[in-house]
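Working notes, structure below.
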There are 2 protein chains.
Amino acid sequence: MAGIKDVAAEAGVSVATVSRVLNDHPSVSPASRARVLAAVAALGYRPNAVARSLRTDQTRTLGLVISDVLNPYFTSLARAVEEEARTLGYSVIIGNADERPELQDHHVRTLLDRRIDGLLVSPTDRGSPLILDAVRAATPLVFVDRWIPGVEVPVVRSDGRAAVRDLVAHLLRIGHRRLAIIAGPATTTTGSERVDAFRTALGEHGVALPDAYIGQGDFQAESGRRAAERFLDLPEPPDAVFAADNLMALGALDAIRARGLSVPDDIALAAFDDIPWFVHTDPPITAIAQPTDELGRAAVRALAERIAGRVPPSVTLPARLVVRRSCGAEFPPAPRRPDPSTPHRSAPNPSART
Amino acid sequence: MAGIKDVAAEAGVSVATVSRVLNDHPSVSPASRARVLAAVAALGYRPNAVARSLRTDQTRTLGLVISDVLNPYFTSLARAVEEEARTLGYSVIIGNADERPELQDHHVRTLLDRRIDGLLVSPTDRGSPLILDAVRAATPLVFVDRWIPGVEVPVVRSDGRAAVRDLVAHLLRIGHRRLAIIAGPATTTTGSERVDAFRTALGEHGVALPDAYIGQGDFQAESGRRAAERFLDLPEPPDAVFAADNLMALGALDAIRARGLSVPDDIALAAFDDIPWFVHTDPPITAIAQPTDELGRAAVRALAERIAGRVPPSVTLPARLVVRRSCGAEFPPAPRRPDPSTPHRSAPNPSART
DNA sequence: ATCCTCCGTGTAATCGATTCCACGAGGAGG
DNA sequence: CCTCCTCGTGGAATCGATTACACGGAGGAT
């Protein structure tokens, strides 16, 4: 593969001049510039990013460590992140932690070894020493979606409290009284926070949240299934279940089906995180939608600020309730419009939210 | 950040010795080794992967350019690829082409600039000159899922012909006669191939595939919707629709619903690519399942071979039909088992295929 | 005892870029 | 006409690792 020296030889100038042309440094004569450019084209030269990074100590690369690639919420987050990063001239390397702290650490470590310019993390656990080290070493870092309490790092996330309150009100209004939640791991902020919000909202209506109605999940479908089964085995099973993420909702739906029960007639189901498929499940699932794209974009912008040495503020965006049929009919059940939404691509149609 | 020189100083040896310890070269005395290791631990030293790559001319990194991150098929492929690569000591950088050739080229270019050791591509178009250049430059390359005809590159893919034949037989047996397909872009092999397989299978039963029954899609949900609408506007609409990927199936389902029609009573629906959500849609969708994990793994292994300078053979794995209710009841519709499958994680339960 | 090996180690070149510094030419100002 | 800038340019150091080569000392063979 041709190097800068070959280009210099071909153009009859020094490597310094070639480099200057490539980084469009002002002081190069138009003549030299033209010849260099010609040589570059002739040889099909492409600068070696590795060498460049070594010298300049920047890779123009961002790391993104997400909790689970198979979760549509995170993939759309990743997509937004990559998009915004690209417009800012960065590449993104994605690490998938699969909700496993060791894997998360593995990725953080390799990313750091590669000297990425900044890191976006949605931590799978509280307290990874690696991440703490990174913070201490002043690696530009921004938390997205989840965070680690007590660590001085900007957080870009969405606040579901209001939406959870809406959801609870919705459920109670319809007539559900025994509300249960399938929580995420307590080691994640989103895990504990959503339970808190749920409990608080219930409290405001004078409804208690018994321990038996708190299922312990790990944000994976399988755990949702198990938690739902445990609920159904209760002497007095809940009449509504709120899953703290979409995968656990899927598992719960599985479990409920397997018992031959019907959603929403026998039991209501709602989920945190809205995804395209929820429109098409049987029944369509009521969910709390996060502004995923905005989150991704805001996270990248915050990280870019940190890299530039500034101190960006944390960003909190609101989530909102999207009512569908899985909790029972509150509104006339007939589609107001024929539910054109697939909240998928930000395509022509401005996705039907309720 | 501490460099190898700092470690050498701390351990009282030369950088050469440190390097030898790090790459566990045989000729280092146990004493030096111990002191170097101690110094490494004391300083929290981590070798700079950038510098190492520059010197050794290998990055231990693979590039993976997929067509669409929002498509669950590709994310599970990506997950399998990353997993296998990790066990082989490679990292993976994922580039999302979003089905757009320019974006695909953008990613191929940056990946090449980063001097990745090998590239896995699922090409969005026939003939990207960039990819052709890469082939000519002898960049280790393997196509996965899709490929570019006439290019001498190993291909790892799954052959859906048999499964498509099964599907067609299934549809005809149930009583459907007017079978239509929503195709992917003709510029992709999977786009044209699936149509061919479908047409051929129909031919074997003496059924024709009129042009009006071939919808042109682009593997995105929106295009599936439009194609389905066009079908429904036909004087004699099809009574069964086969979507060449899961996203277009989703769009088609949308469109059918929007007309107030029912699947499968008014029209049957089937899709290429099986995904967890298809178990839970209304109705559950009959699909052709690819062995995604095996594909990902095989692709990485083939690429590793190519990197090692050997010439791996192409790999073709069979896909198979998974019958669900979206084409009408052929078997007793009552769940044989309560359909425990979420073909998601390769979890304890060995996913229920029919 | 002498010589040859082998072993452990260090010095320095190298990978491919960027960039500081010096230098010569040419133009402006005195 | 001389001096001083400015501009364009090239030489060479540098980034942080790996590794070829040289070298001294210890141990074995003769």
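Chain letters run A, B, ... following the sequence lines, proteins first and then strands; every chain starts at 1.
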When rounded to the nearest 0.5 angstrom, what is the spacing between OG1 in B:T61 and CZ in B:R114?
9.0 Å
For the atom pair CG (A:L130) and CG (A:D105), what is the distance rounded to the nearest 0.5 Å?
5.0 Å
Could you state the atom-to-atom distance from CZ of A:R33 to C1' of D:dT9 in whole Å?
14 Å
Taking the side chain as C-beta and beyond, is there a heavy-atom pair between A:I93 and A:L64 under 4.5 Å?
no
Atom of B:R126, atom of B:P149 and distance for their closest heavy-atom approach
NH1-CG, 3.4 Å
Should B:D145 and B:R157 count as an ion pair when the cut-off is N to O under 4.0 Å?
no
May I ask you to say what A:S53 touches in the nucleic acid, namely base, sugar-phosphate or nothing, with a heavy-atom cut-off under 4.0 Å?
nothing
Can you tell me if A:S32 touches the phosphate of D:dT9, counting only side-chain N or O atoms and a distance under 4.0 Å to OP1 or OP2?
yes
Atom-to-atom span, CZ of A:R35 to P of D:dT9 - whole angstrom:
9 Å
Protein-nucleic acid N or O pairs under 3.5 Å, nucleotides 14-21 of chain C:
from	atom 1	to	atom 2	distance (Å)
C:dT14	O2	B:R55	NE	3.4
C:dT14	O2	B:R55	NH1	2.9
C:dG16	N2	A:A51	O	3.4
C:dA17	OP1	A:Y45	OH	2.8
C:dA17	OP1	A:N48	N	2.7
C:dA17	OP2	A:I4	N	2.3
C:dA17	O5'	A:Y45	OH	3.3
C:dT18	OP1	A:N23	OD1	3.3
C:dT18	OP1	A:N23	ND2	3.2
C:dT18	OP1	A:R52	NH1	3.0
C:dT18	OP2	A:S19	OG	2.5
C:dT18	OP2	A:N23	ND2	3.4
C:dT18	O2	A:R55	NH1	2.3

Is a salt bridge present between A:R86 and A:E82, judged by a nitrogen-to-oxygen distance below 4.0 Å?
yes
